[in-house]
Every structure is written in structure tokens, then in C-alpha cells.
Amino acid sequence: MPENNTGVQGAQGASGASAAPGARPCIPTTTIPVDFRDATARFGDWDVADFPVGMAGVAGNSVDYVTGGWRSMRPVWDADKCKHCLLCWVNCPDSSITVADEQMTGIDYDHCKGCGICAVECRFDALDMRPEHECHDEPVLDAAAEPEITQGA
Amino acid sequence: MSAELTEIRWHARAGQGAVTAAKLVAEAALREDRYFQAMPEYGPERMGAPLKAFTRISDAPIEISNNIEHPDIVVVLDDTLLDSVDVTEGLAADGAVVVNSPSAPAAIRAQLGLGAGVAVATVDASAIALDTIKRDIPNTPIVGALVSVRPVVALDSVLAQLQATFGKKFAREIIDANLDSVRRAYQEVVYDA
Amino acid sequence: MTDTTPTAVVGAAAVDLSAVEQRTIASTGNLFVAEAFRQIDPDAVCAYPITPQTTIVEEFAKFVANGRVHTEYVTVESEHSAMSATIGASAAGGRAFTVTSSQGLALMWEELHIASGLRLPIVMINANRAISAPINIHGDHSDVMGARDSGWIILMAENAQEAYDNTIIATRVAEAARLPVMPTLDGFITTHSIARGQVADDATVKAFVGEYVPDDSLLRSTSPVMVGAFANLGPTYMKVKKAERDAIDASLPIIGEVGAQWASVIGRDYGHVESYGVDDADLVVVIMGSAAGNVRAVVRRLREQGQRVGVVKVRTYRPFPAADLAAAVSGARAIAVLDRAESFGAPAGPLALDTLAALYGAGIQVPVRSYLYGLGGADVRLDLVEQVYADLADVADDGDGLLNPTPRYLGIR
């Protein structure tokens, strides 16, 4: 299971205000390998007879893959403002609001696709949508996969 | 047409039980361990609309499924059809016509313009039905008349089949009424050959 | 090493041969099929009525209502839903059957490919009927031909007896080959005609079809399986389709094996092709379905007159039994293929195209004539069949090309 990922810690930034240039929330570490090309390459080695009949295979599960890698905006969580109403968790289509003991603990950035519904639903301004490229030092995917986004002056 | 194959065309209006009659003859043939084919001509269905049904009876397995164009026997369950439908179309020169009618065979022969080789038979199947089954559904008596004129199946086979089919569903008196209607028509049909 | 011979794949039929009983009955083709359904007692039937199959699902609905089967019967709102629900039931691990015809088969076209691509052992009866437009409810093969590329095994019945036998055979074939099977019968001619035939006793049919024990199904709780994968750009899709091609090719001996097992139970042989008079025949007609009987009757008559004529009836249509067909016609000097459906724009009718490929592959080069007959239930008169043999006699003597430039339509001006 991936570790729970957290966004901005309460002390580090108020929601709504842009982070100061250079202040970037850390990328969570993940044990999930980036999957796209690996999976395709794997099937490419299979013979015809290796495929399960009708491709009815072992049940896949997105838990095992990074599905949030194409996100262009990400929600940043202000834990101090959070009232743990869990409306964001109810509405998240990707099960990416992490919860323990009925309290929100953070955001699963391996699977968050940046749709922004959580921020829209939050009544307490505890979730702020920020451009993805502002939020980490290096791209999640390797340079060949994602073009570098240059910041304006 | 081989000697062992008999082809019958039925003319009726929807609701008179022609399909049931065709089926009754086929199942009676099964009792005699013979071969058969019975089919309606499917068209727009409404009560009272003219319809045709077809039956083949044979001593040998029947492999053909084409339309019957030259029936050996034509059975007419409703004499009002005689004016509007060419019931004798394709009828074999030595064939037979059996009509549900109170008229004498000679009158029907004249009405249809039939030659001497064709046997014409009439029976007032409606009257017999009203008398026995209490309803104007002439299909069982007409079968009795048919097998009297041309023994395509034995009368006893028809009676046994009726008994078997009705025996599961209907009261004794209804079964007896139907058996009666068959026997009476068998006796009362008149024909000139 | 797994034994992949047809006998091993199919398994033995667990029938007590000493206890087999058959009854001879009078019934319509549709009711023979409904009786087979009742005896097989599938887990699910999800169906929608359409002329001329309706009496199958009506009769089966009575069996359900009267508690004579255990089937889960789902009355869906269209044929597209019928196949959708049937796919779901089959993927869930049930023995799932359905029935359709004509426009209904056409409506579920996308799902035919899904059923075969997912390798589900569905059995679907098709009452062969003309496809609109113009609207026609009578028997021909145009609906089936629209499905011939879909990966379904297709069995063509000549009569009610074959329709009954094929339904039972199809059940085992589908599960052994892991492909859906479509037993067919001609609309009205076979579906609605009362014919004589034999049905086996319930215990025999039940023992013959056995239990369906799927390897993978959605309802296995210990080991979840995914059905309906994505196989995007790259070699995966093509490899899975190759596996499907391998499976349908391998199904030919499987059909033969199951057919032979059923034959040993009830005494009626199953042949991918069934020939009459071909051993010494110069002129041969190739045909499928109910009109094969008309051709056979004409062959008997002509042979009595000394003509060397024969007929080959194709009973297994997909997979196409190319080798068996080529062997059956190998002695002919001229061949006519009679199609009860068009392949518009093709050089010949659909069965003719398959036949030509089989002949070419076997190195047989004799004149072939493609005919269209009986569309929309048009009467297949015996004199029309005689005309075909007369044409073939001319072709055999005078040549005039290996194939007519466009199919010839029989019986219309």
C-alpha cells in the first residue's frame, strides 16, 4: 500500500495565496512504479498462447499503479482549516482523500487526478487547487514523457 | 406426387380452427407411424380473415418443404370463401373437395365449375358443431368428413388423437361432444365422386 | 503436457446408454428447440421476442412459470439488452442462452463480437429470417450471414430434428471450445411447420450436457477475475484475436467429437457436410438449411432417370469445413452453390465464396455457378432445382467460364 501523502503542512502556507516562488510542497515518495510503458512492454513479450482466454485475467487494481501522473492541477490541503466533515472524501471520484478514524489525513497523490471536485465541495477553504508544476522540483514522469513547463518571468 | 404422399390444402377464416385441424390430421398420422408436415400460411392476422393451411401425409419421411401447388384434397371450412377465393386452384384432376356447407355436392360442383374426375363432398359441419359442441367451430367435424371421403388417416386414429389431446384439459362431456362431432360428420358427409 | 486432442478437450459424455429413451412427437421446429432448452435447463435466459422465434421464448417462459426449469428468466427491453444480459450472465459463470432473429440479431451485432472476444460459451438460437428493407418476416439466411465473421460457431439445421439435436450439441461445443455457438433453423419453414421428430428423455439430455464449470468467472469469490480488458495500440489486440482464430479453427474437430458422442447416444449421425449421390456425380449442388431437402428430392428423381447428380448439405457453417467440402465435391465436373442470402457487391453469394476458397485451397478447378434462391421465404419449387441441374449440365459440357460474373437469381424474372 502506498504511504499516505500529505499536502502542505499547516504552517507552510495559507490556502488561496500562491506559495512563494521556491516554496514547493514536497513530492511524496511512492513505492508504485510508473506503469504505462512497462505494462505494454510486458504484454509485447507474451506469446499468443500466454494470454488468458478472452483476456479474462487476474483482476487488475489501480491501487498498484500511479494513475495520477497526468494531473495538471493538484489540491493542496490546509489541515488547520479542515473540519473533517469528509465532504471531499464523499465526492472524490478517485478515492484519493485519505481518512483514518473518521479524520482526514491527507491526499493520495498517486491516484488524485486533479479534478478539483474536493476543492469545490469544501466549505472551509481547506483545499486549494494549484498548478501541478508549481508543486514539485522535478516531474513525476521522466523528462521524455512530460514536456518541461517553463515559468513565466 | 408419389403414390404414398397426400397433399391437403385447407381454406378457412381465422378463428375457425383450421390450423388445429391440420395439426389433428398430422398427429393422427403419427399414431399410424407415418410421416407428416403441417403448416399455416402466415399472413396479416385478424379474426375472420381468409387463411390457408397445408398438410402433407406420407408413408415415407418428408424432406421437401416447398409450397403445395397441386393438392390432392382441398378442405373448405367456410363456404362464404367460395366466392372470394379460388379454392380449387391447382387441384389434382382426380382430387377431392370437402366443403362445410348445407348444400348438396352437385350445387357446389356447379358453383366451382369442377370436372367429373374431382370428387365433391359436403357436410354441414357448422350445424353438427353447434349441435354437439354448442359452438360454430367446424374444425373437428370437418376432419371426420375428410377421412370419410379420403381415408388419409383412419377414423379411429383421429378419435384416439382427439381423446389424447383433449383428455388432459377438458371435461368428459366436452371430449365426448368433440368425438361425437367427428363421428357424425363421418356418417353424414355426402359426396359424389 | 495438457492433452489437447478433441476427445480430451470435450471429455466423455456421462450418459447411461442402457437407459436412453426417445419419444417420437409431432411438433413445430420452435417447440422442439424449446423442449431442448427445457431439458438442458440453463442458468439464465435473457430474451426478447421477434417473429419467427417468438414461440420458443413464449413456450420457455411457460416452463419457467410452471416451475419446470430452474432458469433465471429475464425479459429485457430489446435484443441489444438480451445479448448484454446474456454476456453478463455467462461472464458471471452461468450457462446462459438466448434466442433471436433478423432485425434482433442485427441489433445485437456489436455484442456478438464482444461475446466471442470474451470467449463466452453462450448458445443463441437464430430463426433465420430476411433482413429489412423491405420488411419481410419469412425465412432466408441474410441475418445469419451478417454474423458470419463475428467469431461465433454457426450450425445450420435442415429440419426440426436437426434443430433439436444441434441445440444439445451446441451446449457442449460452446463450453469445450470456449466460443459462443449459434444453432439456426429456417424461419416459418422449420420454425412453424409441424414435423415428426424424436426427443430424448430428460435424464439423458441432462447427463449429456453435464454441469458447466467455468475456469474463470466473475462470481468466483476466492480469486477475482477481470472480464472486458482494454488492449490498445500495440500487438496485444492482434495476439488475442489470433488466439480466437486458433480457437475457432480448433473447434471443428470439437464439433465433430461432440456430434459423434450425441450420435452414439441417439443414433443420428452428425456431419459437418452431409452428401447424397456425390460418389459418382458429375453435377453437384451445395446448399444449407431446409431447401437441402428439396434438392435431395430432385436428386432422387433425376438419379432414377439415370442422371449423375448429387447434393452436399453444409451443416457446420462456421468454422467452415473446407476440407470436408472439397472432398465431397472432388469428383464433380460442375458445381452450383445455392445461397439464401446475398453478399452484395461480392463476386458470388456468401456460401459460394466460402466454397470457392475451399476449392481453390484444395486445388480443385471446376466451373462453379453462384445462385441466389428463396429470399424472403420465396418458394423453392422443385422445378427451379431441376433447372439448376440442367444449367450445370450445360456448364459442364460447354464451359463458359469458371464462375458467373454475378449471382443468378432463381425463380424471378
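The figures that follow rest on heavy atoms only: side chains count, while hydrogens, waters and symmetry mates do not. Convention: sequence-line order gives letters A, B, ...; per-chain numbering from 1.
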For chain A, which residues from residues 106-123 of chain C lie under 4.5 Å away (heavy-atom distances)? C/Gly117, C/Leu118, C/Arg119

For the backbone of A/Trp46 and the side chain of C/Lys239, can you confirm whether one donor and one acceptor N or O come within less than 3.5 Å of each other? yes

Could you tell me whether C/Glu72 atom CD has more than 12 heavy atoms of other residues or ligands within 6.0 Å of it? no

Would one find more than 12 heavy atoms of other residues, nucleotides or ligands at under 6.0 Å from atom OH of C/Tyr237? no

